[in-house]
Engineer: 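After the structure tokens below, expect a handful of questions from me.
The residues of the chain are indexed from 1 along the displayed sequence. As the structure is a prediction and not an experimental result, all values here were calculated from the model.
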Amino acid sequence: MKTITSYLLWYALTVAVLTIIFRYFLSFGIENNSTAIITVSATIYGFLMFASGWYFGHKDEEYLPIYDIGFRFHLTTYLVHGAITLLWIGLGFCSKNEDTDISVNILIYWGILLLIHFLFFLWSRKKTIKNLDKDDLFE
């Protein structure tokens, strides 16, 4: 499958490492009732996820100029983050004070948003060819 590029795989590895670190500090902050640790870890995680998506997304676009409105990266983020979160909970690494239902609900709501993104992806793919409007190709 040519849409799985080395940049997407490096992004997935980066997301995995960042998510494991985030889950550790999130559970630590919840265990110690530290709003500061929870807030700082979530903020840093969000920033680093955005930066890695931006970096690898631009590299990927230069390598494989397909128009996918970021769906492949969104799907990768969801799968990796979701798998690590579910494993984290399932293996008992989460805090005793952690409400695991919140993490599961986040994955459900995120999955709904991913489905909407997928629908936009399908709609935009039919209207464009490699970021070019079909009407502009033929006059």
Engineer: What's the separation between atom CZ in Phe73 and atom CE in Met49, rounded to the nearest 0.5 Å?
Structural biologist: 11.5 Å

Engineer: Out of curiosity, Thr85 OG1 to Phe93 CZ, how far, rounded to the nearest 0.5 Å?
Structural biologist: 13.0 Å

Engineer: Return yes if a side-chain donor-acceptor contact under 3.5 Å exists between Ser52 and Trp10, otherwise no.
Structural biologist: no

Engineer: Please evaluate residues Leu9 and Thr5 with respect to the criterion side-chain contact (heavy atoms from CB on, under 4.5 Å), reporting the C-alpha separation (whole Å), side-chain torsions for both, the decisive distance (0.1 Å), and the verdict.
Structural biologist: CA-CA 6 Å; Leu9 294 175; Thr5 63; over 6 Å; no

Engineer: Could you tell me which non-hydrogen atom of Ala12 sits nearest to which non-hydrogen atom of Val80, and how far apart they are?
Structural biologist: O-CG1, 4.0 Å

Engineer: Assign the ring pair Phe50 / Trp54 to parallel, tilted or perpendicular, where the plane angle (0 to 90°) is split at 30° and 60°.
Structural biologist: tilted

Engineer: Does Thr14 reach the side chain of Tyr55, with side-chain heavy atoms less than 4.5 Å apart?
Structural biologist: no

Engineer: Is there a path of hydrophobic side-chain contacts, each under 4.5 Å between heavy atoms of I/L/V/M/F/W/Y residues, joining Ile44 to Ile30?
Structural biologist: yes

Engineer: If you define the side chain from C-beta out and look only at heavy atoms, does anything of Arg23 sit under 4.5 Å from Ser103?
Structural biologist: yes

Engineer: Taking Glu31 for its side chain and Lys96 for its backbone only, find out whether a donor-acceptor pair lies under 3.5 Å.
Structural biologist: yes

Engineer: Ignoring hydrogens and angles, write down the donor-acceptor pairs under 3.5 Å from the side chains of residues 34-42, residues two or more places apart or on other chains.
Structural biologist:
residue, atom, partner, partner atom, Å
Ser34, OG, Ile37, N, 3.2
Thr39, OG1, Thr35, O, 2.8
Ser41, OG, Ile37, O, 2.9
Ser41, OG, Ile38, O, 3.1

Engineer: Can you tell if the side chain of Trp88 reaches within under 4.5 Å of the side chain of Ser27, non-hydrogen atoms only?
Structural biologist: yes

Engineer: Quick check on side-chain contact (heavy atoms from CB on, under 4.5 Å): which of Leu114, Ile116, Leu122 does Phe118 satisfy it with?
Structural biologist: Leu122

Engineer: In terms of relative ring orientation, are His74 and His117 parallel, tilted or perpendicular, with 30° and 60° separating the classes?
Structural biologist: tilted

Engineer: Taking all heavy atoms of Ile89 and all of Cys94, pick out the closest pair and write down the distance.
Structural biologist: CA-SG, 4.2 Å

Engineer: What is the minimum heavy-atom distance between Leu107 and Gly82, and which atoms define it?
Structural biologist: CD2-CA, 3.6 Å

Engineer: Dump the intermediate steps for side-chain contact (heavy atoms from CB on, under 4.5 Å) on Leu8 and Phe56, then the final yes or no.
Structural biologist: CA-CA 7 Å; Leu8 185 63; Phe56 288 112; over 6 Å; no

Engineer: Between Tyr78 and Trp110 (judged by ring centroids, cut-off 6.0 Å), do the two rings come close enough to count as a pair?
Structural biologist: yes

Engineer: What is the distance from atom CD1 of Ile84 to atom CG of Leu91, rounded to the nearest 0.5 Å?
Structural biologist: 11.5 Å

Engineer: Working to the nearest 0.5 angstrom, can you tell me the gap between His58 NE2 and Tyr7 OH?
Structural biologist: 13.5 Å

Engineer: Is there a path from Ile20 to Leu13 through hydrophobic residues (I, L, V, M, F, W, Y) whose side chains come within less than 4.5 Å of each other?
Structural biologist: yes

Engineer: Got a second to check how far Ile108's CD1 is from Asp101's CG, nearest 0.5 Å?
Structural biologist: 9.0 Å

Engineer: On a heavy-atom basis, which atom in Thr19 and which in Tyr45 lie closest, and how many Å separate them?
Structural biologist: OG1-OH, 2.9 Å

Engineer: Could you pull out all residues at least two apart from Tyr109 that satisfy side-chain contact (heavy atoms from CB on, under 4.5 Å)?
Structural biologist: Asn105, Ile112

Engineer: Apply side-chain hydrogen bond (donor to acceptor under 3.5 Å, both in side chains) to Thr77 and list each qualifying residue two or more places apart in sequence or on a separate chain.
Structural biologist: Tyr11

